[in-house]
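Accompanying notes for the structure given below.
This chain uses plain numbering: 1 for the first residue, then up along the sequence. What's counted below: heavy atoms across the whole structure, side chains too, no hydrogens, waters or symmetry copies. Computed from a predicted structure; not experimentally measured.
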Amino acid sequence: MAADKDNTANISLIEDFRPRLRKLIEIEFVLDHLNFLDNDNKDLIRTKARKESNLKAVDLLIDTIIRIRPLPKGWFREFVDALSAGGCKHAATYVEDSPPCPALEAENDNCVRLIELLSPSLLGMKTTDVCWDCFSKGILTAEDREIVSTECQNRGNMGGARELLRRIVRFPPGWFSTFLKALQVTEHNDLCKELTGESPGDNLIVIECWNYIGEGEGTCKACSNEGQMCNEIRSAIPFICLPQVPHSVKFPEKLFPPKAVIVLRDYQMDVARPALEGKNIIICLPTGSGKTRVAVYITKEHLDSRRKEGRPGKVVVLVNKVPLVEQHYSTEFWKFLKNKYKVERVSGDSQLKISFTDIVQKNDIVICTAQLLENYLERAHSGDDDGIKLSDLSLIVIDECHHTQKGGVYNHIMIRYLKQKHKNAKLKKEQKDTVAIPQILGLTASPGVGGAKKIEKAEEHILRICANLDAYKIMTGNLGENKKEPHKKIATAEERKEDPFGDVLKGVMNAIHIHAELNPTCDLGTQNYEQWVVQKEQNAAKEENQKVRVCAEHLRQYNEALYLGKTIRMWDAFSFLDKYFDEELKKKVAPEDEEAIIKTDTERFLFTLFKDSKVKLQELAKLPQYENNSLAKLRTKILHEFTSREKARGIIFTKTRRSAIALAQWVQENSKFEEVGVKACHVIGGGGQSVVKPMTAAEQRDVLNKFQNAEINLLIATTVAEEGLDIAACNFVIRYELVTNEIAMIQARGRGRAEDSSYTLVAGEGSGVAERESVNEYREKMMSKAIDKVKKLDQEEYEKRIKEFQIQAIMEERVRTTKKKQKGMKKESPSKVKFSCRSCNKPVCSGEDVEIIENMHRVNVTPQFKELFIQRENTSLVKRLLDYESNGFIACKDCGQRWGSMMLYRGIECPCLHVKNFLVTYDEKRKNVNKWSELGIQLPAFDYAEHARSVAESSEDEESM
């Protein structure tokens with residue numbers, strides 16, 4: 001067990017430093033010393049290096065090491081030794097978790113950048129002479145020297161120089177000063193001058209400090225000199241010891257670029273002041289007004305003050321979306337604080353989450369998803385040594401803090417805080433030691449009104465958020481001339497006079513109503529109809545009425561097509577239906593060597609109905625005169641923006657993932673847009689609840705980076721891009737047939753950050769969208785008034801009211817916890833639960849047959865269950881996680897109903913059940929269950945060792961036959 005834990009920690013360490021290792025490892029030399037890798041893997045890695053690049057080969061090496069199971073004893077030591085023996089000692093220091101301090105690392109990075117910048121000049125060096133001198137001084141290995149010499153012979157002096165420069169930068173810090181000496185010895189005074197900004201000689205600055213101490217006097221291990229550092233040099237290069245440097249010496253700017261300095265505007269400093277005094281506050285500033293920059297400044301001042309006082313400081317920045325982790329890290333916290341503090345980021349899809357406790361301990365600032373921190377707080381609460389306590393932290397920054405409400409993960413964290421705060425008050429009265437709790441800083445652009453219709457309720461909503469965050473005050477700023485408000489316009493599209501495509505769809509739906517004897521109580525193509533038909537499907541499943549259940553499923557798809565036809569192209573609606581029926585037909589075709597899957601009379605009726613309507617729908621979908629007018633309005637608006645602006649850049653927000661993808665395709669396929677320079681792409685959410693394949697965090701980042709770099713100038717997005725994401729300054733924002741609440745409206749409008757930006761709502765006449773937008777505008781004004789009222793409250797009255805809300809929140813949490821414990825204690829035996837196919841009602845299994853993997857995946861590995869399903873490849877989604885992968889799904893052998901997915905868990909095939917695809921009978925009562933957590937049963941943990949033994953024995957039996 002200890003070895004497994006060590007392996008996990010070592011692999012995590014290698015993964016953490018992958019970006020560094022990619023640059024520091026020379027793959028060819030290292031492979032020669034790695035004996036725990038077989039020759040096949042080595043050949044693959046060498047081929048990758050030869051055909052693609054050394055960087056790609058290092059990636060493959062790391063992936064190969066991570067994939068090996070089991071890892072041989074002593075592999076890690078061998079890997080470290082191989083790096084050292086292969087001339088990659090700097091890489092070895094990272095793998096051994098002994099990297100240089102952040103200051104030295106930043107210094108070394110600057111030196112590498114300088115070599116890259118000045119490489120055109122350096123390529124003219126006398127390569128052979130410099131190579132030998134570098135070798136004699138220990139910054140080139142014998143292998144390096146041979147390769148550089150060979151390059152000189154084969155590709156000339158410049159080719160050899162290029163290879164030499166590529167290799168010296170892989171050495172540990174200190175190589176730069178050695179390289180300068182080598183240039184000086186080989187009479188390259190001009191190159192020395194270019195690299196240092198001075199002529200060589202007495203004033204040549206040798207940068208090889210390994211132990212910078214404090215702000216005053218320092219000692220350099222490399223030269224053992226002591227002295228007071230020149231203030232001018234210190235301010236320019238704050239983390240390098242330069243003993244007895246003459247004031248006349250000037251460092252070139254390109255070697256040490258100026259530190260990123262945090263400069264706050266007056267309104268930003270005003271809102272920050274209470275936090276700088278150590279008080280908990282909420283900062284409420286409009287999107288794009290620099291809330292995060294203020295948080296960075298407060299973080300710096302907080303850590304600075306604690307350091308001066310000799311107290312430890314630890315800051316955690318919480319976000320509610322994975323893409324925000326990287327954004328806050330790279331564009332704000334790391335950018336401004338990297339030279340003084342250790343900054344790291346971790347999210348749920350990061351390898352670093354495995355060692356989250358270590359990450360928090362080793363760094364000063366950690367940016368992470370809120371759920372990750374909550375998980376580790378719960379571990380500590382449960383007595384796990386690997387957990388994190390609130391007392392370990394000194395400041396928590398909560399981004400988009402308006403989500404700190406009932407049921408939210410932010411609130412779970414803050415309830416822990418409030419409980420400890422009130423315990424501390426009791427301990428203080430008893431004159432006992434209190435437990436440290438962190439300072440809280442909340443950030444939001446729009447706390448909203450919580451659905452309030454009156455100002456009193458809106459004020460109560462604001463006070464509850466202040467109470468949940470234990471805020472001393474909610475701070476708003478007067479932006480003055482810095483305030484940017486986009487021009488707002490509502491573009492209303494006339495209703496279609498004719499909709500033959502929609503009429504055909506409604507005709508099909510009415511035929512299904514008659515067949516299933518259904519009488520809808522609301523208009524087709526509406527959200528109310530969607531809710532009605534979902535309820536019908538659930539009731540029919542419980543009643544085992546397959547006729548109504550299947551008809552309701554199909555009606556739901558036709559209703560979606562009606563909605564798509566109203567908002568996007570008819571062709572998109574037709575393609576959606578055509579794909580759905582194609583997938584349904586595939587379900588009814590068994591794989592080879594299997595019995596045919598039976599179609600019921602109702603299924604035949606439904607398939608025939610679509611087949612008979614398909615040609616007509618296909619023809620109508622091609623007729624532009626029947627397209628919806630909202631799309632025409634959108635086309636006009638996009639063309640106007642791109643023809644009236646010198647550099648247009650905008651976002652279109654739409655309701656569903658499917659409509660975002662379809663609108664992007666519509667733009668890309670329209671030659672008019674191409675003529676005016678529109679380059680469009682969609683960005684959608686990463687959750688897996690939708691039938692549309694989600695976007696991964698990496699895919700989202702890729703699109704947003706392209707948007708930032710102007711490779712894309714029009715984003716079509718779902719609400720994932722409304723909140724938090726720091727999207728490049730846009731000069732127009734369009735909300736297309738989309739209205740939610742006042743918070744989303746403010747967030748979307750805030751995406752238009754450029755000067756002279758516009759905000760347009762495109763809405764169909766009679767859709768109610770424009771009316772709901774007016775309601776949101778009223779709520780926004782109500783929110784501002786409510787915040788003003790809260791700010792004007794007497795401090796004593798304010799604290800009294802939020803204390804009441806805090807006590808109420810703690811009591812409600814206690815009631816919920818008690819109920820949860822009681823529910824856990826009452827968990828029934830799994831034998832009381834039976835599962836049957838949702839489609840054909842065939843009995844499938846008992847709860848006794850189901851086991852749980854990692855407290856997450858419910859699997860049935862019994863031989864009896866294996867006989868009941870067929871397995872198909874899921875081409876639309878392939879998952880690969882740490883210990884398992886899923887790339888296929890399982891379906892009922894009789895009717896083709898999908899039951900779940902086929903997981904490969906540590907080498908064992910495990911059919912994973914999705915409970916929503918079954919009809920659950922619990923204590924003889926049929927139930928519709930969407931989540932496993934809704935079942936009050938305790939499932940046993942998956943016994944990997946036992947199943948692995950069974951699989952091995954059955955394999956041996958097959959081989960002996």
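- If you take CD1 on I684 and OG1 on T654, they are separated by 11.5 Å, rounding to the nearest 0.5 Å.
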Does the side chain to side chain donor-acceptor pair (under 3.5 Å) test come out yes or no for H554 and E584, once each step is laid out?
-> CA-CA 10 Å; H554 282 244; E584 288 298 300; 4.7 Å; no
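- A donor-acceptor pair under 3.5 Å is absent between the side-chain atoms of D523 and the main chain of T526, judged by distance alone.
- For the atom pair CD of E400 and NZ of K321, the computed distance is 7.5 Å after rounding to the nearest 0.5 Å.
- Side-chain contact check for V409 versus N320: every heavy-atom pair is 4.5 Å or farther apart.
- Geometric assessment of K614 against the ring of F581 yields a negative cation-pi assignment under the 6.0 Å and 45° thresholds.
- K832 places no side-chain N or O within donor-acceptor distance of the main-chain N or O of G847, the cut-off being under 3.5 Å.
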Which is it for K655 and T567 under the side chain to side chain contact (heavy atoms under 4.5 Å, CB included) test, yes or no, and what are the steps along the way?
-> CA-CA 10 Å; K655 186 176 181 181; T567 53; over 6 Å; no
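- Inspection of the Q535 and N539 side chains reveals an N or O donor paired with an N or O acceptor under 3.5 Å.
- E560 has a carboxylate O that lies under 4.0 Å from a charged side-chain N of R658, or vice versa, which qualifies the two as a salt bridge.
- K866 has no carboxylate O lying under 4.0 Å from a charged side-chain N of E909, or vice versa, which leaves the two without a salt bridge.
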Determine, stepwise, if the pair R926 / E544 fulfils salt bridge (charged side-chain N to carboxylate O under 4.0 Å, His left out).
-> CA-CA 9 Å; R926 294 189 184 92; E544 295 188 14; 2.6 Å; yes
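- Within the 4.5 Å cutoff, the side chain of L913 has heavy atoms near those of the W932 side chain.
- Annotation: cation-pi geometry not satisfied between R604 and F607 (NZ/CZ under 6.0 angstrom from ring centroid, within 45° of ring axis).
- Note: F869 and W899 have perpendicular aromatic rings, judged against thresholds of 30 and 60 degrees for the angle between ring planes.
- Side-chain N or O atoms of K542 include none that pairs as donor or acceptor with a backbone N or O of N928 at under 3.5 Å.
- R858 places none of its side-chain heavy atoms less than 4.5 Å from the side chain of V915.
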Worked verdict on I413 versus L318 for side chain to side chain contact (heavy atoms under 4.5 Å, CB included) = CA-CA 10 Å; I413 293 168; L318 300 180; 3.8 Å; yes
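- Going from atom CD1 of I568 over to atom CH2 of W666 covers 10.5 Å, rounded to the nearest 0.5 Å.
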Report the C-alpha separation of L577 and L505 in whole Å, then their side-chain angles, then the decisive distance to 0.1 Å, and conclude whether the side chain to side chain contact (heavy atoms under 4.5 Å, CB included) test is met.
-> CA-CA 10 Å; L577 273 181; L505 290 179; 3.5 Å; yes
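- By the neighbour-count criterion of 12 heavy atoms within 6.0 Å, atom NZ of K536 is sparsely surrounded, having that number or fewer from other residues, nucleotides or ligands.
- The shortest heavy-atom contact between P911 and V861 is CD-CG1, 4.1 Å.
- Note that the CD atom of E537 and the SG atom of C551 stand 11.5 Å from one another [nearest 0.5 Å].
- Between Y905 and Y944, the two ring planes are perpendicular [angle over 60°; tilted spans 30° to 60°].
- Around the CD atom of E946, the shell of radius 6.0 Å holds more than 12 heavy atoms that belong to other residues, nucleotides or ligands.
- Under the 3.5 Å distance criterion, the side-chain polar atoms of N917 are matched with a main-chain donor or acceptor of R898.
- Separation of atoms SG (C522) and CD (Q531) is listed at 8.5 Å; rounding is to 0.5 Å.
- You'll find the side chain of L868 stays beyond 4.5 Å of the side chain of Q864, heavy atoms only.
- Salt bridge annotation for R816-E813: present, with a cationic side-chain nitrogen under 4.0 angstrom from a carboxylate oxygen.
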Yes or no on side chain to side chain contact (heavy atoms under 4.5 Å, CB included) for V833 and F918, after CA distance, side-chain angles and deciding distance?
-> CA-CA 12 Å; V833 177; F918 296 92; over 6 Å; no
Does the salt bridge (charged side-chain N to carboxylate O under 4.0 Å, His left out) test come out yes or no for E553 and R838, once each step is laid out?
-> CA-CA 12 Å; E553 271 189 0; R838 191 175 183 84; 5.4 Å; no
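- Other residues, nucleotides and ligands place more than 12 heavy atoms under 6.0 Å from the NZ atom of K842.
- Taking OG1 of T602 as the reference point, atom NE2 of H515 lies at 3.5 Å (rounded to 0.5 Å).
- You'll find the side chain of I512 stays beyond 4.5 Å of the side chain of L518, heavy atoms only.
- Contact of the Q405 side chain with the N411 side chain is not registered, since no non-hydrogen atoms from C-beta on lie closer than 4.5 Å.
- Side-chain atoms of N510 never come within 3.5 Å of backbone atoms of G507 as a donor-acceptor pair (strictly under, hydrogens ignored).
- Between F835 and N860 there is no side-chain heavy-atom pair separated by less than 4.5 Å.
- Using a cutoff of 4.0 Å between basic side-chain nitrogens and carboxylate oxygens, K506 and D503 are not scored as salt-bridged.
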